[in-house]
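Working notes for the structure below.
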Amino acid sequence: MSDKKILFISDQIAPFTSQSDMAEYCRPLLQFTQNRGNEIRAFMPKWGSINERRNQLHEVIRLSGMNLIIDDTDHPLIIKVASLPGAKIQVYFIDNDDYFQNRLMVHDRDGAEYQDNDERAIFFARGVLETVKKLRWSPDIIHCHGWLSAFIPLYVKTGYREEPAFRESKIVYSLYDKAFDNSMRDNLPQLLPAKDMQVSDCGTFETPIGFSSLMKKAIDFSDGIICQTAGVDPGLAQYAREKNLPVLDFNPDGMEAQATNDFYDKL
């Protein structure tokens, strides 16, 4: 089925980032999905490793300028955009001097995990949703890839549930291999509320709040789950099935883009 509006949110998309299953999977998925006649918007973080000049990124002034408050601190939201090479698809980049400029993904250059990864994920999720609102665009499907987008399902189904842009959206969350080892901070639930949310809207977290509990929180608020790599924790897929969610298992034989689009049609 075509003529859907599909919002892709991913930690990585080739060629802006490369050498990962996620980056190499998302690039052809975007092209395939658009070729089926769907309308596409794509978002990712503006990691410090992305060369803005080489990739021809430029700031979108009309979308930038909002401040997002996290832990009582204002963080300016900067939106940049570039075209996906070889495709008529614009990729929007979420940027901020504190969370993304001159910083890598999960770990710093010495291999230590960033202590504010939880805040970075909150900023990214809220930044994406606020920008989509400004675009006055209502996605039918929201497809999330990666740990940084793990709070998107929660926000769409709680704080943003009355927003016209997301009222009818179905959320697909793709699971990948474990991305980090250390736990997030214990006060994470207190950092999450936005708009008129309460801490209780977030539900309970499996503690310590590590990668598995973050994925389970994404599953809690999603409408469908895709096991994107062979190394996905089978316990996460089982957790989704116990919640009676449709699950698309990893297929080593390929045809992922076709199977993913067929999965959209079933929601």
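More than 12 non-hydrogen atoms from other residues, nucleotides or ligands lie less than 6.0 angstrom from CD of E242. Crowding of D21 atom CG: a count of heavy atoms from other residues, nucleotides or ligands under 6.0 Å not exceeding 12. For D186, the CG atom counts as loosely surrounded, since its 6.0 Å shell holds 12 or fewer non-hydrogen atoms of other residues, nucleotides or ligands.
The cationic group of K217 lies under 6.0 Å from the six-membered ring centre of F205 and within 45° of the ring axis, placing it in a cation-pi geometry.
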Go through the steps for F32 and T260 under the test side chain to side chain contact (heavy atoms under 4.5 Å, CB included), then give the verdict. CA-CA 10 Å; F32 181 92; T260 297; over 6 Å; no
Worked check of side chain to side chain contact (heavy atoms under 4.5 Å, CB included) between L188 and I122: CA-CA 10 Å; L188 172 59; I122 292 169; 3.9 Å; yes
Verdict with reasoning, V156 to L129, per side chain to side chain contact (heavy atoms under 4.5 Å, CB included): CA-CA 8 Å; V156 170; L129 297 178; 3.9 Å; yes
Might you work through the salt bridge (Lys or Arg N to Asp or Glu O under 4.0 Å) test for D220 and K243, ending with a clear yes or no? CA-CA 8 Å; D220 287 343; K243 291 184 168 293; 3.4 Å; yes
I'd like to know whether R185 forms a salt bridge (Lys or Arg N to Asp or Glu O under 4.0 Å) with D118, so could you lay out the CA-CA distance, the side-chain angles of the two residues, the decisive distance to 0.1 Å, and finally the verdict. CA-CA 7 Å; R185 290 172 291 181; D118 42 14; 2.7 Å; yes
Please walk me through it: do F100 and W47 pass ring pair (Phe, Tyr, Trp, His ring centres under 6.0 Å)? CA-CA 5 Å; F100 297 110; W47 304 113; 5.7 Å; yes
Working for side chain to side chain contact (heavy atoms under 4.5 Å, CB included), residues N38 and I141: CA-CA 11 Å; N38 298 294; I141 300 288; over 6 Å; no
Using the rule given for salt bridge (Lys or Arg N to Asp or Glu O under 4.0 Å), can you reason through D95 versus K80, listing the C-alpha separation, both sets of side-chain angles and the distance that settles it, and then say yes or no? CA-CA 7 Å; D95 200 2; K80 297 174 181 175; 2.8 Å; yes
Given salt bridge (Lys or Arg N to Asp or Glu O under 4.0 Å), test R161 with D201 step by step and report yes or no. CA-CA 12 Å; R161 65 181 178 274; D201 293 328; 5.2 Å; no
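The minimum heavy-atom distance between S169 and I142, with the atom names listed, is CB-CD1, 3.8 Å. Closest heavy-atom contact between Y173 and S222: CB-OG, 3.5 Å.
Side chains of S213 and E206: no donor on one and acceptor on the other come within 3.5 Å. Between the side chains of E119 and Y99, at least one donor N or O lies within less than 3.5 Å of an accepting N or O.
Side-chain contact between E59 and I79 is absent, with no heavy atoms from C-beta onward closer than 4.5 Å. Inter-residue side-chain proximity for C227 and L248 is flagged as unmet; no heavy-atom pair is nearer than 4.5 Å. A 4.5 Å side-chain heavy-atom check between S149 and V128 finds every atom pair outside the cut-off.
Each of V199 and I70 belongs to its own hydrophobic cluster when Ile, Leu, Val, Met, Phe, Trp and Tyr are linked at side-chain heavy-atom distances under 4.5 angstrom. I94 and V81 fall within a single hydrophobic cluster, where Ile, Leu, Val, Met, Phe, Trp and Tyr side chains are chained together by heavy-atom contacts under 4.5 Å. In the hydrophobic clustering of this structure, L63 groups with W137; members are Ile, Leu, Val, Met, Phe, Trp, Tyr whose side-chain heavy atoms approach within less than 4.5 Å, directly or through other members.
Within the 3.5 Å criterion, the main-chain N or O of Q238 finds no donor-acceptor partner in the side chain of R241. One N or O on the side chain of D11 and one on the backbone of W147 form a donor-acceptor pair closer than 3.5 Å.
Considering CD of Q12 and CG of L148, their distance stands at 10.5 Å, rounded to 0.5 Å. Atom CD1 of I226 is separated from atom SG of C144 by 11.0 Å, given to the nearest 0.5 angstrom. With rounding to the nearest 0.5 angstrom, the CD atom of Q31 is 14.0 Å from the CZ atom of R36.
Residues satisfying the ring-ring contact (aromatic ring centres under 6.0 Å, His included) criterion with F16, sequence neighbours excluded, are F93. The side chain to side chain donor-acceptor pair (under 3.5 Å) check on E24 picks up nothing, with sequence neighbours excluded. Not counting sequence neighbours, the partners of D262 by the side chain to side chain donor-acceptor pair (under 3.5 Å) test are Q258.
With F43 as the partner, the side chain to side chain contact (heavy atoms under 4.5 Å, CB included) test is satisfied by one option alone out of V91, L7, I13: L7.
In this structure, F8 and H143 have tilted ring planes: the angle between them lies in the 30° to 60° band.
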